[in-house]
Colleague: 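Please see the structure below; I have some questions.
Note that this is a predicted model, so its numbers are computed, not measured. Whatever order the structure lists ligands and atoms in, that order sets their numbers, starting from 1.
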Amino acid sequence: MSINYSEKIPNNVNLSEDRTLQRALEHWQPNYLQWWQDMGPDGSQNFDVYLRTAVSVDPQGWAQFGHVKMPDYRWGIFLNPAEQDRKIHFGDHIGEAAWQDVPGEHRANLRRIIVTQGDTEPASVEQQRHLGLTAPSQYDLRNLFQVNVEEGRHLWAMVYLLHKYFGKDGREEAEALLERNSGNADNPRILEAFNEKTPDWLSFFMFTYFTDRDGKFQLCALAESAFDPLARTTKFMLTEEAHHMFVGESGVGRVIQRTVDMMNQLKTDNVDKLRAAGVIDLPTIQRYLNFHFSVTIDLFGADQSSNAATFYSSGLKGRYEEGKRTDDHVLKGNVYKILAVENGSLVEKEVPMLNALNEVLRDDYIKDSVGGVERWNRIIEKAGIDFRLKVPHKAFHRNIGSLAGVKVSPDGRVVSDAEWSAKQGEWLPTEQDRAYVASLMGRVVEPGKFANWIAPPVMGINRQPVDFEYVRFN
Ligand SMILES: [Fe+2]
Ligand SMILES: [Fe+2]
């Protein structure tokens, strides 16, 4: 099996037998490519990049490696194979057959869910578009581009659903996905975290660790959907998401490795001395972590949401690992604890679980994201250094739901405005932190060479050596 460059849109959805859909997608394709030229990786379109391309969903086909110029990448449409007689397994329609088409009464909500997911995919490409200019190595540059082309494919996945199942308004939404832009004052991306800048590689690694993991949880919840094509397409997207989180986890881990090595070499934890030596001090890494974690958990939405209840009860969006749970999967009468502020302190409050499903997903996410932080701590521990990274309290620096705007310290105390202003610079990246990290960024192009602030990876990609020529700059 190999990549067929004569095939315009590789797919496993019998595109050639659906002329109307094929025409609609072929009409959208040049606009997508124009967007990629305008908003995709900056100054890198002519590079040959060692990328993996999905040409089918089976184990041999989903990861084909080879050097390719990014605009020639084959963005395909792949759905996981259909499950025979799949049944809806949660909500009010439990036990009924899964939908192969969009039921009229759920059309508006499904479209909104698909558009919201779809909007995040090109947004992250836009956020990361300048990073290629300052990659710390060829290996990292290749990983950045891999993430970028796959987010592009995720956009294709959502656009396929819009074109195939939502008629004219689906086509209009597909165009609008290319018109909104991350951080654009007039026409921004839908979700706030996707309008933030990803200005440097530490931010990129934190983003792929924390924010791509939000993607994983959203996709997992959609993979349970009663709307079968959505479930099947998100299941396949999840196979790609794992690599994005790997890039983040191993990236931050390598930054930490380099820092603790330097701390031991210089026998110091003095921030100024470490910065003079060109590595990123651990307190700065903690502040970046606090920022990305808090901004990302906002993405799960308000802690109480009637939309979340509707999406669940009508079968549109399940919980993380819905099938592994042992309750009735209807949840009427169940309760869940959310946080609120009463008389100046945080208290737990019981609310109907159906209304708290955003919070349920957020809590599952938090449990999952702590694991990597513990693995980062083992690098510090192994180096014999008395410092531990920690995810901040769930209520820290929140901007959505009942905790929005409440001033809470990373350890979970409600603090006064005065304390917040005084301590903010210890808790979140300061202008100086960002300027320092920015000052380290500069492109390293020689195979096998790495910037001073990051350790090399243990292994290369696809069993290639670390000093493999992952990118040919031409
Ligand atoms: Fe994605
Ligand atoms: Fe991703």
Colleague: I'd like to know if Asp467 pairs up with Lys449 as an ion pair, taking the criterion as any Lys NZ or Arg NE/NH1/NH2 lying under 4.0 Å from an Asp or Glu carboxylate oxygen.
Modeller: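 No, Asp467 and Lys449 are not salt-bridged.
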
Colleague: May I ask you to list the protein N, O or S atoms found at less than 2.8 Å from the Fe ion (ligand 2)?
Modeller: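 Per the 2.8 Å query on the Fe ion (ligand 2), atoms found are Glu151 OE2, Asp212 OD2, Glu241 OE2, His244 ND1.
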
Colleague: Does Arg325 come within less than 4.0 Å of Glu321, counting only side-chain N to carboxylate O?
Modeller: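 No, Arg325 and Glu321 are not salt-bridged.
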
Colleague: Determine whether a donor-acceptor pair (N or O, by modelled atom type, separation under 3.5 Å) exists between the side chain of Trp376 and the backbone of Glu249.
Modeller: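 Judged by distance alone, yes, a pair lies under 3.5 Å.
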
Colleague: Minimum heavy-atom separation for Gly251 to Ile454, with atom names?
Modeller: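 For Gly251 and Ile454, the tightest heavy-atom pair comes out as O-CD1, 4.1 Å.
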
Colleague: Between Glu173 and Arg111, does any NZ, NE, NH1 or NH2 come within less than 4.0 Å of an OD or OE carboxylate oxygen?
Modeller: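 So Arg111 pairs with Glu173 through a salt bridge.
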
Colleague: Give the table of side-chain donor-acceptor pairs shorter than 3.5 Å for residues 239-246, with sequence neighbours excluded, one pair per line with atom names and distance.
Modeller:
residue : atom : partner : partner atom : Å
Thr239  : OG1  : Phe236  : O            : 2.5
Glu240  : OE1  : Arg153  : NE           : 3.2
Glu240  : OE1  : Arg153  : NH2          : 2.9
Glu240  : OE1  : His154  : NE2          : 2.8
Glu240  : OE2  : Arg153  : NE           : 2.8
Glu241  : OE2  : His244  : ND1          : 2.9
His244  : ND1  : Glu151  : OE2          : 3.0
His244  : ND1  : Asp212  : OD2          : 3.2
His244  : NE2  : Glu150  : OE1          : 2.8
His244  : NE2  : Glu240  : O            : 3.4

